[in-house]
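Since the structure comes first, as structure tokens, the remarks are kept for the end.
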Amino acid sequence: MLTQSPVLLGFEAHPEALRDLRTVPSWVRDSALLSLQQVIRIQHRGPVLQQHGHIDLRGCRKLYLDADAKWRAVYQERPAPRGDQFRRQIYLLAVGPRANVAVYRTAARRLRAMAAAPTAREEAALTRSPHTPGPSELAVRAASPIPPVVVTARPPRHS
């Protein structure tokens with residue numbers, strides 16, 4: 001009986017990379033999934049990518065998905081989010097044709113967009129609670145000559 005290596009790395013994918021997988025030919029998708037399975041089991045690692053002109057893929061790796069090397073996948077190896085069962089993860093950025101460096105341009109564009117977008121934690125920190133007064137409300141309160149009334153207890157009821 002053959003035993004498979006355990007999964008040692010987590011896996012996540014850019015939402016558009018999942019769309020890539022759905023739109024490439026089925027044999028490319030199958031090859032990508034098999035290659036990614038080998039990567040998360042640490043049976044294989046793709047070659048490291050660098051910066052070439054305006055395409056900056058430092059910290060990324062590539063996978064060749066066919067014998068002619070016409071199809072590629074681009075991924076990152078990175079720390080897993082806090083609380084994840086794995087310490088490190090594979091993050092799939094793009095799957096597509098090598099022709100005209102299309103897959104590399106796509107991956108670089110997605111990386112730039114991710115770097116520009118705030119993380120969920122940053123976005124939560126920037127989001128104002130609906131219960132917190134806004135700047136205009138604070139200005140009105142500060143200019144008001146009548147201090148706000150604070151009720152701390154109900155007065156006793158007389159019968």
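The model shown is predicted, which means the values in this text are computed figures rather than measured ones.
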[atom1]/[X] to [atom2]/[Y] distance, rounded to the nearest 0.5 angstrom?
X: Gln76; Y: Leu57; atom1: CD; atom2: CG; result: 9.0 Å
X: Leu21; Y: Ser26; atom1: CG; atom2: OG; result: 12.0 Å
X: Arg61; Y: Leu93; atom1: CZ; atom2: CG; result: 13.5 Å
X: Arg78; Y: Cys60; atom1: CZ; atom2: SG; result: 10.0 Å
X: Arg22; Y: Glu16; atom1: CZ; atom2: CD; result: 10.5 Å
X: Thr106; Y: His14; atom1: OG1; atom2: NE2; result: 10.5 Å

For a quick test of your reading: what N or O donor-acceptor pairs under 3.5 Å do the side chains of residues 39-52 make, sequence neighbours left out?
{"residue": "Arg41", "atom": "NH1", "partner": "Ser5", "partner atom": "O", "Å": "2.1"}
{"residue": "Arg41", "atom": "NH2", "partner": "Gln4", "partner atom": "OE1", "Å": "3.0"}
{"residue": "Gln43", "atom": "NE2", "partner": "Ser5", "partner atom": "OG", "Å": "2.9"}
{"residue": "Arg45", "atom": "NE", "partner": "Glu77", "partner atom": "OE2", "Å": "3.0"}
{"residue": "Arg45", "atom": "NH2", "partner": "Glu77", "partner atom": "OE1", "Å": "2.7"}
{"residue": "Gln51", "atom": "OE1", "partner": "Arg58", "partner atom": "NH2", "Å": "3.3"}
{"residue": "Gln51", "atom": "NE2", "partner": "Gly53", "partner atom": "O", "Å": "3.1"}

So [Y] and [X], do their side chains get closer than 4.5 Å, heavy atoms only?
X: Val95; Y: Arg29; value: no
X: Leu111; Y: Asp56; value: no
X: Leu33; Y: Gln37; value: no
X: Pro79; Y: Gln89; value: no

Given the rule that I, L, V, M, F, W and Y join up when any side-chain heavy atoms are under 4.5 Å apart, are [X] and [Y] in one cluster?
X: Tyr104; Y: Leu63; result: no
X: Leu8; Y: Phe86; result: yes
X: Tyr75; Y: Ile55; result: no
X: Val74; Y: Leu18; result: no
X: Phe11; Y: Leu9; result: yes

So which heavy atom on [X] is nearest to which on [Y], and how close?
X: Ala94; Y: Ala17; answer: N-CB, 4.0 Å
X: Ala73; Y: Leu92; answer: CB-CD1, 4.2 Å
X: His54; Y: Arg112; answer: O-NH1, 4.1 Å

Can you name the side-chain contact (heavy atoms from CB on, under 4.5 Å) partners of Asp68, sequence neighbours left out? Asp66, Lys70
State whether a side-chain donor-acceptor pair under 3.5 Å links Arg98 with Tyr64.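 Side-chain D/A pair, Arg98 to Tyr64: absent.
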Checking side-chain contact (heavy atoms from CB on, under 4.5 Å) for the pair Trp27/Trp71: CA distance, chi angles, key distance, verdict? CA-CA 11 Å; Trp27 64 269; Trp71 293 89; 3.6 Å; yes
